[in-house]
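Working notes for the structure below.
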Amino acid sequence: MTIRFTLQAFAAILFATQGAFAQDDVRTKVLDSPFFREFLPEATLSSLYNYATGTAQPDRGTLGGLGVGNGVVFGLQGYKRPFRLLHNLCGPGYDKEDGFFPDVVLGPTQLAEEEGLFRIKGTAVNVTYEKTGAGTLRTITFAQIDSEHLSRAYVPINYIYQLFVVEGVSSAEEAEALAVFDIDPSEPLEPGMRAEVTGRSLSVTRSAFEERGLRGERFYCAAAVFEFESENSPMGVRGRSGVEWAILSMQAVVRSWRELLSGLSVVETPDERWNDFFDATNVLIKVQQSAQGATCPMHRYGGTWTRDITGPVYYLTRAGDYESARAMIDYYYKNALQRGGIANANNASIIFPEVMPEVDFLSRDTFTGRLSAEGPSYIPLQYERYVRFSGDRSILEGREGFLEHALMKQQIDEDGLQPWSGDETFRDILRANLSLGLNYKLEDETLSSNSSLLYLASSIALNDLDPERWRLDDRGSDKTEFQLRFEKVLDGMRFYRSELPLASYVRKDDRSRGKAFEDAGLQLVWPLAREDARIPFAREEYAKLVDALFHEDGTVRTTPRTRPFIPMLRGDLSEGLVTGMNPGYALSSLCSVGDPRAKEAFESIRKFVSPTGELGEAHLASGGSAFHPVYDSRGQTGDLAARYRPWEGGIVADAALQYLSGINHEEDFIVWRPALPNIWEALKIAPLKVFTRDGEAELQVLAYVTESTAQSDARSAGERTQWLELRCMKGVVPVLLEADTSWPSKFIVNEICETGCVTNPTLGVPTTLITRGGSGFHYQLRKSEQVIVLDEGEAIRLYRSASSAPSGSRDDADDGEDF
């Protein structure tokens, strides 16, 4: 989903405006309030999400949405004016079977002269601003969250609060008149009004306006509590209503959110849109994690899904929140134990018993339906990513049969080919861009290279978790069924290969090849974030795919020969559609192979991401706006096509963080391939958690541009030069650099020093790890002239321990790219 940041253009596209405003001007208006100065003096607001003037409803395709939630109750704002309206309210057990409540709005139903929606940074606390001739109305919306939620204990806090603040009036009566508490103009809201949905109820209780004062400035506050009820969570606000309670809760929620996000990487760039995207992604993923640990797509869907766990797990492990990632994985495993096997989707709010049943997973039948292929392959990939990034192998204990079950029970035909699951999120876009027709049944007529590539990557992941058990690299003659199935699928890929880029499907009847499609072909690299020698054709096929589908705008995509068939999409369809995952697939893959086109791919993502953190299932390739067919206030059909999901957002944020930090994890070492886009004036990413054989450590990437006056071969006087530094912030990092034999030490071990810089104990000098000049990247010691020069896309290996580093010199590096 793309929000236009040039407000002149934004206003011209969406509304008839009274003039153009700079973002900072609007945010200043919101914070220029005695209420904020008294109760939230340190609050900072996100860049502009939604802004409107006049009486028009906005264009659905360009609006952004903001979530509120606490793992028990959920809601969205921003998809309809007034922006204070709460959409898709759901709780206290977040599952689709429970349904969603219709739109609920308190306050005036007429549209304001000027209106905006923001988020307090680092939180899931939303702020709306409405200006009328009678005064201003601000609302602050949040779900209560406390320390018990931080520990994931199930405490049914079933409330969403909305504080109403009126300024510019002289009495509570005038405030009441400005913010009449109606849900419907013809039906005034009474305290305790209830809305029934499939046996559950929502009670809305409000307080009267109270006068407040701050240094002579007068304002008026009221509060509303949206309380959810179910069989396990009875009603009873129990005193948690009223203005005073809401204000105290608001302040506590802001503190709790900042505590909740404190362990995640913080990205600071000169580009506010990117800063807000990472900040919002942190909030988005956490606000959609149930109290029991499951990850849920808040919008339209409920439950936790086999595939959709992957996006947030990939991002959280790279961003350093291993606890939340493990909670997602553990919850799914407990579901499998309780059900006696894996399922495509599970209820997200189950409270499991302490003692779980034992299950012989390998005795289960072959998967059918949406588990036939594709989905189960993500399970070993999630475990491998978690273990490789966190170093925590305890998650594997007792789960070997479960992990093997995910691969051994998938369908593979006599030719080594796999079916579609019928649940791939890119199927409609593939059909549109390849002109197959809306009703073409891929799962009935064809077989899927996407399924096979994921199977191969997942088998490699499983082997890497325990090579002695799964023996994928064993060349002995006594092969296991696991090895035989891997080789069969590997051989089956011949049906997809030709002189053309890898086909996305072959037809069942005659084994003829279809066309290439990016989301399928990018699975050659993306799942493991590396090319793997155990897929011998990976480099060749990946190069053919990217060379054929890479566009000047930095995207990797097919261009349709005819207009895509989806008629409800408005806008420029000439360039076709891309999925919400595609920008992440492409960027991560380009980074992982050291392709310098990663720079263009990173730049291209900017038109797809938004400071809300949301990405759609589909976007217009031209302009990047989201697929948005219909708005359904019942929250049941159509409705924004799932734009607020951790699957797509996690994949794209993971790729962007991989590119900016330059860090990627291998089994025994960390690859650092530094990058600095657009000659940004500065870049800071911290913490970047890595595990070593001696425990966890935290790194920091710093980058900045300087005006150099020094003469050297790398740069001329006065040239702008980019400098990058990798710094150890905490812990001892065995960063062993495979270097030339001319260095005083074969390997250089860096550790934290008192001043916070990285020190080389062998030489006893501080180390600036990387600078970048006109001839490439350089590794150098501050007090030494010896350097290692890296060209664009090249990398340094930072080994996790001395025992894992090879004994050879720099000449032993693969293809001369990694030192």
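Basis for what follows: all heavy atoms, side chains included, without hydrogens, waters or symmetry-related copies.
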For the [atom1] atom of [X] and the [atom2] atom of [Y], what is their distance to the nearest 0.5 Å?
X      : Y      : atom1 : atom2 : result
Gln162 : Thr139 : CD    : OG1   : 5.0 Å
Glu648 : Leu284 : CD    : CG    : 10.5 Å
Ile145 : Ser249 : CD1   : OG    : 12.5 Å
Asn275 : Lys121 : CG    : NZ    : 6.5 Å
Gln292 : Ser349 : CD    : OG    : 6.0 Å
Phe74  : Leu89  : CZ    : CG    : 11.5 Å

Before giving the answer on side-chain contact (heavy atoms from CB on, under 4.5 Å), spell out for Cys221 and Phe35 the whole-Å C-alpha distance, their side-chain angles and the decisive distance to 0.1 Å. CA-CA 9 Å; Cys221 297; Phe35 176 87; 3.8 Å; yes

Set of residues satisfying side-chain hydrogen bond (donor to acceptor under 3.5 Å, both in side chains) with respect to [X], sequence neighbours excluded:
X      : answer
Tyr332 : Thr306
Asp308 : none
Ser661 : none
Tyr386 : Asp392

I want to check something: taking the side chain as every heavy atom from C-beta on, are [X] and [Y] in contact at a cut-off of under 4.5 Å?
X      : Y      : answer
Phe277 : Val267 : no
Glu167 : Arg138 : yes
Trp257 : Leu260 : yes
Ser47  : Pro611 : yes
Glu268 : Val266 : yes
Leu178 : Tyr220 : no

With [X] via side-chain contact (heavy atoms from CB on, under 4.5 Å) - residues at least two apart:
X      : answer
Ala252 : Arg255
Ala319 : Leu264, Ser265, Tyr315, Leu657
Leu337 : Tyr333, Met356, Val359, Phe361

I'd like to know whether Leu86 forms a side-chain contact (heavy atoms from CB on, under 4.5 Å) with Val105, so could you lay out the CA-CA distance, the side-chain angles of the two residues, the decisive distance to 0.1 Å, and finally the verdict. CA-CA 6 Å; Leu86 288 166; Val105 59; over 6 Å; no

Pair Tyr51, Glu114 - check side-chain hydrogen bond (donor to acceptor under 3.5 Å, both in side chains), show working. CA-CA 8 Å; Tyr51 176 78; Glu114 181 183 1; 3.1 Å; yes

Would you confirm whether [X], through its side chain, and [Y], through its main-chain N or O, come within 3.5 Å as a donor-acceptor pair?
X      : Y      : result
Asn70  : Val73  : yes
Ser290 : Ala348 : yes
Thr612 : Leu66  : no
Asp279 : Gly122 : yes
Thr304 : Thr295 : yes
Ser33  : Val30  : no
Arg84  : Leu106 : yes
Ser262 : Glu259 : yes
Asn50  : Gly78  : yes
Arg119 : Gly67  : no

Holding to salt bridge (charged side-chain N to carboxylate O under 4.0 Å, His left out), I want the full list of residues that pass it with [X], two or more places apart in sequence or in another chain.
X      : result
Asp330 : Arg326, Arg399
Arg370 : Asp423
Asp654 : Arg318, Arg385
Lys334 : none

Just do the side-chain contact (heavy atoms from CB on, under 4.5 Å) check on Tyr129 and Lys29 with the steps written out, would you? CA-CA 8 Å; Tyr129 168 83; Lys29 290 181 183 180; 3.6 Å; yes

Report the C-alpha separation of Glu115 and Lys131 in whole Å, then their side-chain angles, then the decisive distance to 0.1 Å, and conclude whether the salt bridge (charged side-chain N to carboxylate O under 4.0 Å, His left out) test is met. CA-CA 7 Å; Glu115 185 177 358; Lys131 174 67 177 176; over 6 Å; no

Check: [X] ring centre within less than 6.0 Å of [Y] ring centre:
X      : Y      : answer
Phe226 : Phe101 : no
Trp305 : Tyr378 : no
Tyr161 : Phe142 : yes

Checking Asn158 against Glu227 for the side-chain hydrogen bond (donor to acceptor under 3.5 Å, both in side chains) test, could you report, in this order, the C-alpha distance in whole Å, the side-chain angles of both residues, the deciding distance, and whether it holds? CA-CA 6 Å; Asn158 305 340; Glu227 185 183 10; 5.9 Å; no

Donor-acceptor contacts, no H, no angles, side chain residues 36-45, under 3.5 Å, sequence neighbours left out:
from: Arg37; atom 1: NH1; to: Asp32; atom 2: OD1; distance (Å): 3.0
from: Arg37; atom 1: NH2; to: Glu217; atom 2: OE1; distance (Å): 2.6
from: Arg37; atom 1: NH2; to: Glu217; atom 2: OE2; distance (Å): 2.7

Can we say Lys286 and Glu323 salt-bridge, meaning some charged N sits less than 4.0 Å from an Asp/Glu carboxylate O? no

Strictly below 4.0 Å, N to O, side chains only: are Lys689 and Asp321 in salt-bridge contact?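 No.
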
Give the minimum heavy-atom separation between Gly69 and Ala143, together with the two atoms involved.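 Scanning both residues, the minimum pair turns out to be C-CB, 3.5 Å.
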
Begin from the C-alpha positions of Ile140 and Phe164 and carry the test side-chain contact (heavy atoms from CB on, under 4.5 Å) through to its verdict. CA-CA 7 Å; Ile140 302 96; Phe164 293 78; over 6 Å; no

With Pro646 as partner, the option from Val313, Leu615, Ile285 fulfilling side chain to side chain contact (heavy atoms under 4.5 Å, CB included) is Ile285

